Protein chains: 2
Amino acid sequence: MLTVSQQKVYDFIQKFVKEHQHAPTMAEIAKGIGITSRGVVHRYVAAIAQEGLINIIPGHRRNIQLLSPSNCLPLKGRIAAGSPIEAITDNETLDIVNIFLGKNRYALKVKGDSMIEEGIFDGDIVVCEHCEDAADGKIVVALVDNQEATLKRIKYNSDHTITLIPANQKLKPMTYPEDRIAIQGIYIGLLRFEG
Amino acid sequence: MLTVSQQKVYDFIQKFVKEHQHAPTMAEIAKGIGITSRGVVHRYVAAIAQEGLINIIPGHRRNIQLLSPSNCLPLKGRIAAGSPIEAITDNETLDIVNIFLGKNRYALKVKGDSMIEEGIFDGDIVVCEHCEDAADGKIVVALVDNQEATLKRIKYNSDHTITLIPANQKLKPMTYPEDRIAIQGIYIGLLRFEG
DNA sequence: AGTATAGAGAACAAAGTGAGATCATGCAAA
DNA sequence: TTTGCATGATCTCACTTTGTTCTCTATACT
């Protein structure tokens with residue numbers, strides 16, 4: 001719940017964005033609501049962000065994003081077996097566009113059960129980001145001998161080999177010399193839906 | 001997220017392309033936005049490319065391609081253990097906004113392992129659609145005795161009872177008289193991502 | 001007294017902006 | 001083919017703007 005001043009700031013931001021197509025600076029907000037201190041504005045903006053009405057990217061200018069309900073799902077709470085839904089106090093929302101879309105991102109449909117213990121099932125869509133390097137322990141799309149592409153967890157060994165570890169007890173980790181493996185992307189997340 | 005200057009450059013490029021059918025040079029952009037340094041323009045253009053709004057072909061003149069921003073992820077193909085990525089011939093895309101957003105949709109964070117065999121893990125986000133009825137066999141958010149909300153598969157029995165079936169061998173299905181169960185929504189899909 | 005709200009303003013680090021030099025290279029004219 | 005210019009690419013320097021974090025003060029209310 002916003003205080004009176006916070007509401008004034010929020011209203012001003014909305015008006016400003018509508019007029020200018022971009023967010024105001026702290027100083028502009030301060031002037032707009034009739035105070036002089038950028039620090040105070042910052043405090044208000046942080047509070048509004050806490051309420052889930054805006055999103056801020058720390059450190060950047062004009063860093064306030066109004067969370068348009070059109071791209072956001074309300075995050076209602078936590079659900080667990082045998083307990084009521086824990087209400088989430090902040091009005092959290094999920095901006096799914098922001099989460100999954102980005103430069104060099106792409107989707108792959110999963111076939112097979114090799115990552116089933118990570119909850120990656122046959123038919124799921126994994127979202128990946130194209131890149132050629134990955135940190136140890138990440139799930140990657142790896143190309144072996146320029147032929148076989150698989151989704152596995154990667155482990156770098158000290159003897160210049162790479163082990164690709166499936167998440168399925170029935171399958172064995174495989175180790176290759178590092179020059180036989182090319183990383184095609186790293187796993188970002190997962191989508192699953194009917195149809 | 002573009003800065004104000006970057007936005008000016010992007011707007012100028014769009015206007016220029018519309019007028020001339022080809023991209024402007026760095027110098028033309030510089031003149032267009034009122035600065036003199038080509039180097040600065042290059043920095044802006046690189047930033048816009050980083051955002052994925054344009055594409056640049058390094059080294060060539062008038063090398064900027066406008067990309068249409070969208071809510072779609074390219075669906076590159078199928079990935080399976082031990083086989084190459086099956087390329088999908090059509091440039092299929094996934095409109096993730098369309099898939100998950102909709103009237104009366106909301107998200108819940110999953111706590112616990114009661115649906116683990118369906119690949120719904122602790123920490124996952126399930127997307128649900130609010131409704132009061134669900135077809136037999138669907139996964140639903142069910143409220144028991146107006147107290148406990150759980151995510152379970154639903155089964156209607158002929159004796160006016162309802163069985164809620166977890167997807168975890170360790171947990172037992174539970175059967176209730178139908179008046180003790182209220183459906184709060186049906187499961188639409190699942191999101192999982194880092195952070 | 002204790003708490004919540006509101007504001008001022010200083011100080012700092014980082015982001016953003018711009019100029020201009022320099023090099024490499026494509027492209028078209030000679 | 002060669003040459004020369006326009007252009008892209010990269011870099012450094014300087015400067016301004018802005019976000020962020022402080023501390024200090026004041027007021028209202030319980």
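No experiment lies behind these values; they were computed from the predicted model shown. Chain naming here is simple, since letters A, B, ... match the order of the sequence lines and numbering starts at 1 in each.
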Distance-only donor-acceptor test, [X] side-chain atoms vs [N] base atoms, 3.5 Å:
X	N	answer
A:Ser37	C:dG7	no
B:Arg43	C:dG16	no
B:Arg38	C:dG20	no

[X] has a side chain; which of [options] sits nearest to it?
X	options	result
A:Asn63	D:dG19, C:dA6, C:dC27	D:dG19
B:Arg61	D:dT17, C:dC27, C:dT17	C:dC27
B:Ile35	C:dA8, C:dA19, D:dG19	C:dA19

Given [N], is OP1 or OP2 found less than 4.0 Å from the side-chain N or O atoms of [X]?
X	N	value
B:Tyr44	C:dG18	yes
A:His42	D:dG19	no
A:Thr3	C:dA6	yes
B:His60	D:dT7	no
A:Ser5	C:dA6	yes

**Request:** Report yes or no: is the cationic atom of A:Arg105 (NZ for Lys, CZ for Arg) closer than 6.0 Å to the six-membered ring centre of A:Phe100, at no more than 45° off its axis?
**Result:**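 Ring-cation test returns no.
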